[in-house]
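Keep in mind that the numbers below use all heavy atoms, side chains included, and drop hydrogens, waters and symmetry copies. These figures come from a predicted structure and were not determined experimentally. Per chain, numbering begins at 1; letters A, B, ... match sequence-line order.
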Amino acid sequence: MAVEIVAPRGTFDVMPDDAGLWQFVEGLVRQTFEKCGYREIRTPVFEHTELFERGVGAATDIVEKEMYTFKDRGGRLITLRPEGTAPAVRAFVEHGLAGRSLPAKLYYIGPMFRYERPQAGRYRQFHQFGMEVVGAASPEADAEVIATPLAIFGAMGIQDVVVNLNSIGCPACKPAYRQRLREAYAPVLGRLCESCRARYDRNPLRLLDCKSDECRAALPEPPTIFGQLCPECGAHFDGLRRLLDKLGVEYVINPRLVRGLDYYTKTTFEYNVGGIGSQDAIGGGGRYDGLVEECGGAPTPAVGVACGLERCVLAARANASDEQYQAGLDVFIVSMGDAARERAFELAHEMRCAGLAADFDMVGRGLKAQMRYAGKMRARFVAILGDEELAAGQATIKDMSTGEQTRISQGELATCIGAGSAVNGE
RNA sequence: GUGGAUGUAGCUCAGGUGGCUAGAGCAUCAGAUUGUGGCUCUGAGGGUCGUGGGUUCAAGUCCCAUCAUCCACCCCA
């Protein structure tokens with residue numbers, strides 16, 4: 001009856017061989033965001049359920065069926081965060097960032113939770129990195145938010161990212177379009193799929209992104225919003241397009257791109273790539289001019305984007321091996337005999353204090369096995385301590401790539417290896 | 001939540017129509033070389049055949065259930 005304990009469904013371990021790639025990506029994300037003037041915000045992994053119900057939208061799939069929600073011991077209704085924008089906005093309001101210089105340019109990177117059926121590129125605990133510009137209404141903000149992740153994708157070696165772009169209007173023009181959609185779909189309501197019939201009442205925009213053949217056939221060309229955007233939204237969209245053109249960012253205007261979160265206004269966009277299965281969206285976002293107010297702040301325009309780390313890693317793996325991201329040791333200290341092993345222990349400590357990646361044998365392997373181990377640990381140098389070296393206060397140092405070796409005094413080890421690493425680039 | 005496929009060693013997989021102690025490659029460890037890695041050779045360790053039931057003289061093999069993984073739907077990151 002003893003059930004084998006494994007990682008829960010939809011979760012996974014990043015093992016040491018894979019961690020190098022993850023660290024590389026995380027470093028790249030932070031570096032890129034900070035270069036653009038964004039600063040990190042870290043919010044709790046759980047929040048009051050109400051934040052997501054109000055922020056993300058009660059009628060969304062996320063809130064209706066994908067949240068990890070539970071009562072804590074104090075009777076509070078708690079939800080593991082399914083996305084990062086609502087928490088960031090909550091923190092923005094709670095800490096009065098509106099009273100400081102705007103826009104607030106924030107980024108985050110961390111785990112999110114959604115109770116869904118796992119699949120390639122889809123997990124119950126997954127990771128997102130994202131950025132939010134809070135307090136800027138200009139199309140420049142939208143353009144920066146769209147372009148920055150593209151730089152990250154590029155640096156990761158992800159190729160052929162397609163940017164889908166749309167505008168879904170604002171409270172001034174969206175209602176009229178919504179009405180128009182209802183009118184257009186009304187005659188074919190009976191031919192729509194079950195979920196679309198529900199969408200017709202609750203959120204007619206979602207009718208647009210249903211992929212089922214019956215729904216597509218029922219109304220092959222639904223009216224687009226572009227003829228109906230209010231002057232402000234129209235100008236914003238044109239401005240954004242002009243800016244993207246200036247940056248050389250290619251995009252596809254996709255009038256069916258609606259996205260599943262309720263808070264979006266005006267701009268919505270999504271990044272898609274091939275080759276990673278049917279979950280081909282590696283990121284997406286949009287403008288959410290009403291969310292700050294919804295979370296209790298003053299009306300404040302904002303735009304943001306979130307990208308899936310797992311899917312990025314999947315896409316990057318298509319073009320790169322993991323090995324190139326695995327760090328190696330600067331030096332492995334081989335010892336023969338107990339006295340030498342103790343000295344190796346001391347020396348490893350000294351090397352580490354000198355800023356080198358150093359390790360030594362702590363299980364009493366033979367010389368040959370230690371050499372093999374050093375090779376596997378990708379050590380650039382091996383320092384050998386035998387009886388002779390020990391007596392003379394020296395070490396035999398071997399360059400593992402060339403096989404050359406010389407005797408030097410133990411005091412010179414760190415500088416010798418440090419110089420060697422300077423020569424090798426790094 | 002729905003449908004399909006799969007589940008044998010750490011990894012990748014062999015094991016026609018049920019039949020003796022369940023195999024290979026890679027990986028691990030050791031030896032060949034008692035002071036030297038990558039190549040080669042030799043050997044060793046490692047499996048309650050996902051789990052639980054059933055059919056049978058006999059189940060890795062057939063049946064049912066369950067769990068997990070993968071794929072598609074859905075949705076999105």
Side-chain angles (χ1 to χ4, degrees), chain A residues 1-12 15 17 56 60-66 81-85 109-130 149 164 193-196 199 206 209-213 215 257-261 268 270-273 276-285 305-315 329 332 334-337 340 363 365-390 395-405 407:
Chain A
M1 196 57 210
V3 185
E4 201 182 348
I5 297 183
V6 296
R9 181 154 211 215
T11 68
F12 61 94
M15 298 303 285
D17 284 347
V56 175
T60 59
D61 282 10
I62 290 178
V63 171
E64 278 183 349
K65 51 189 194 193
E66 295 173 4
R81 64 179 182 196
E83 59 104 45
T85 299
I109 176 166
M112 306 293 163
F113 306 85
R114 255 121 100 158
Y115 190 89
E116 290 188 270
R117 187 102 172 234
Q119 194 176 322
R122 189 166 80 183
Y123 301 94
R124 291 183 173 181
Q125 174 176 337
F126 60 103
H127 297 76
Q128 287 187 334
F129 59 89
N164 279 278
C193 70
E194 203 178 321
S195 56
C196 277
R199 286 168 178 157
R206 298 288 312 280
D209 73 345
C210 182
K211 283 114 197 154
S212 89
D213 291 338
C215 298
L257 179 69
V258 170
R259 299 185 50 79
L261 292 78
T268 59
E270 205 166 279
Y271 309 102
N272 299 88
V273 292
I276 60 169
S278 67
Q279 306 303 319
D280 64 348
I282 59 173
V305 60
C307 304
L309 219 43
E310 285 78 6
R311 292 184 189 175
C312 287
V313 166
L314 224 49
L329 291 171
F332 186 88
V334 170
S335 58
M336 284 173 282
V363 293
R365 267 190 261 254
L367 169 70
K368 193 180 170 64
Q370 289 185 49
M371 291 299 297
R372 229 190 334 251
Y373 184 77
K376 258 179 300 213
M377 294 297 112
R378 303 159 172 270
R380 292 188 303 107
F381 289 94
V382 156
I384 301 167
L385 297 180
D387 293 338
E388 290 173 35
E389 288 91 342
L390 211 53
T396 298
I397 182 167
K398 174 168 183 170
D399 184 323
M400 293 293 269
S401 55
T402 64
E404 289 171 32
Q405 61 181 51
R407 279 262 201 111

Please measure how far the [atom1] atom in [N] lies from the corresponding atom in [M], and state the result in whole Å.
N: U6(B); M: U61(B); atom1: C1'; result: 16 Å
N: C26(B); M: A65(B); atom1: C1'; result: 36 Å
N: C62(B); M: G18(B); atom1: C1'; result: 8 Å
N: C29(B); M: A5(B); atom1: C1'; result: 38 Å
N: C76(B); M: G10(B); atom1: P; result: 40 Å
N: G53(B); M: U48(B); atom1: C1'; result: 16 Å
N: G19(B); M: A24(B); atom1: C1'; result: 23 Å

How many Å lie between [atom1] on [X] and [atom2] on [N], as a whole number?
X: E64(A); N: C74(B); atom1: CD; atom2: P; value: 17 Å
X: R124(A); N: G1(B); atom1: CZ; atom2: C1'; value: 11 Å
X: Y115(A); N: A77(B); atom1: OH; atom2: C1'; value: 19 Å
X: E270(A); N: A77(B); atom1: CD; atom2: C1'; value: 9 Å
X: F126(A); N: A77(B); atom1: CZ; atom2: P; value: 7 Å
X: M377(A); N: G38(B); atom1: CE; atom2: P; value: 14 Å
X: Q370(A); N: G37(B); atom1: CD; atom2: C1'; value: 12 Å
X: D17(A); N: U12(B); atom1: CG; atom2: P; value: 14 Å

Going by salt bridge (Lys or Arg N to Asp or Glu O under 4.0 Å), name the residues that satisfy it together with R124(A), two or more places apart in sequence or in a different chain.
none
Please list, chain by chain and in numerical order, all residues satisfying side chain to side chain donor-acceptor pair (under 3.5 Å) with D61(A), sequence neighbours excluded.
none
Counterpart residues, side chain to side chain donor-acceptor pair (under 3.5 Å), relative to Q125(A) (two or more places apart)
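Q125(A): no side chain to side chain donor-acceptor pair (under 3.5 Å) contacts found.
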How does RNA chain B look in dot-bracket notation if pairs are Watson-Crick or G-U with both distances under 3.5 Å, crossing ones as [ ], other-strand ones as |?
(((((((..((((.....[...)))).(((((.......))))).....(((((..]....))))))))))))....
B/S/- contact track for nucleotides 27-35 of chain B, protein heavy atom under 4.0 Å
-SSS--B-B
Check residues 112-123 of chain A and write down every donor-acceptor pair under 3.5 Å in which the side-chain atom is one partner and the other belongs to a residue at least two apart or another chain.
unit_1	atom_1	unit_2	atom_2	d
R114(A)	NH1	P82(A)	O	2.6
Q119(A)	NE2	S278(A)	OG	2.9
R122(A)	NE	R117(A)	O	2.9
R122(A)	NH2	R117(A)	O	2.7

Start at the 5' end of RNA chain B and walk down; is the nucleotide closest to G403(A) or to A281(A) reached first?
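By nearest-heavy-atom nucleotide position, the 5'-most residue is G403(A).
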With 3.5 Å as the limit, what N/O pairs link the protein to nucleotides 68-71 of chain B?
unit_1	atom_1	unit_2	atom_2	d
U69(B)	OP1	G10(A)	N	3.4
U69(B)	OP2	R9(A)	NE	2.7
C71(B)	OP2	A120(A)	N	2.3

How is [X] classified with respect to the nucleic acid when contacts are heavy atoms under 4.0 Å: base, sugar-phosphate, or nothing?
X: N272(A); result: nothing
X: R114(A); result: base
X: E116(A); result: base

For R365(A), enumerate each residue passing the side-chain contact (heavy atoms from CB on, under 4.5 Å) test, keeping only those at least two apart in sequence or located in another chain.
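D361(A), V363(A), A369(A), Q370(A), Y373(A).
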Where do N or O atoms of nucleotides 43-46 of chain B meet protein N or O atoms at under 3.5 Å, pair by pair?
none

Only counting residues at least two apart or in another chain, list the ones meeting ring-ring contact (aromatic ring centres under 6.0 Å, His included) with F126(A).
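If we apply the ring-ring contact (aromatic ring centres under 6.0 Å, His included) test to F126(A), skipping adjacent residues, there are no hits.
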So, using ring-ring contact (aromatic ring centres under 6.0 Å, His included) as the criterion, who are the partners of Y271(A) when residues are at least two apart?
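Residues passing ring-ring contact (aromatic ring centres under 6.0 Å, His included) with Y271(A): F153(A), F269(A).
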If you restrict it to nitrogen or oxygen atoms, what contacts under 3.5 Å exist between nucleotides 5-10 of chain B and the protein, and what is each distance?
none

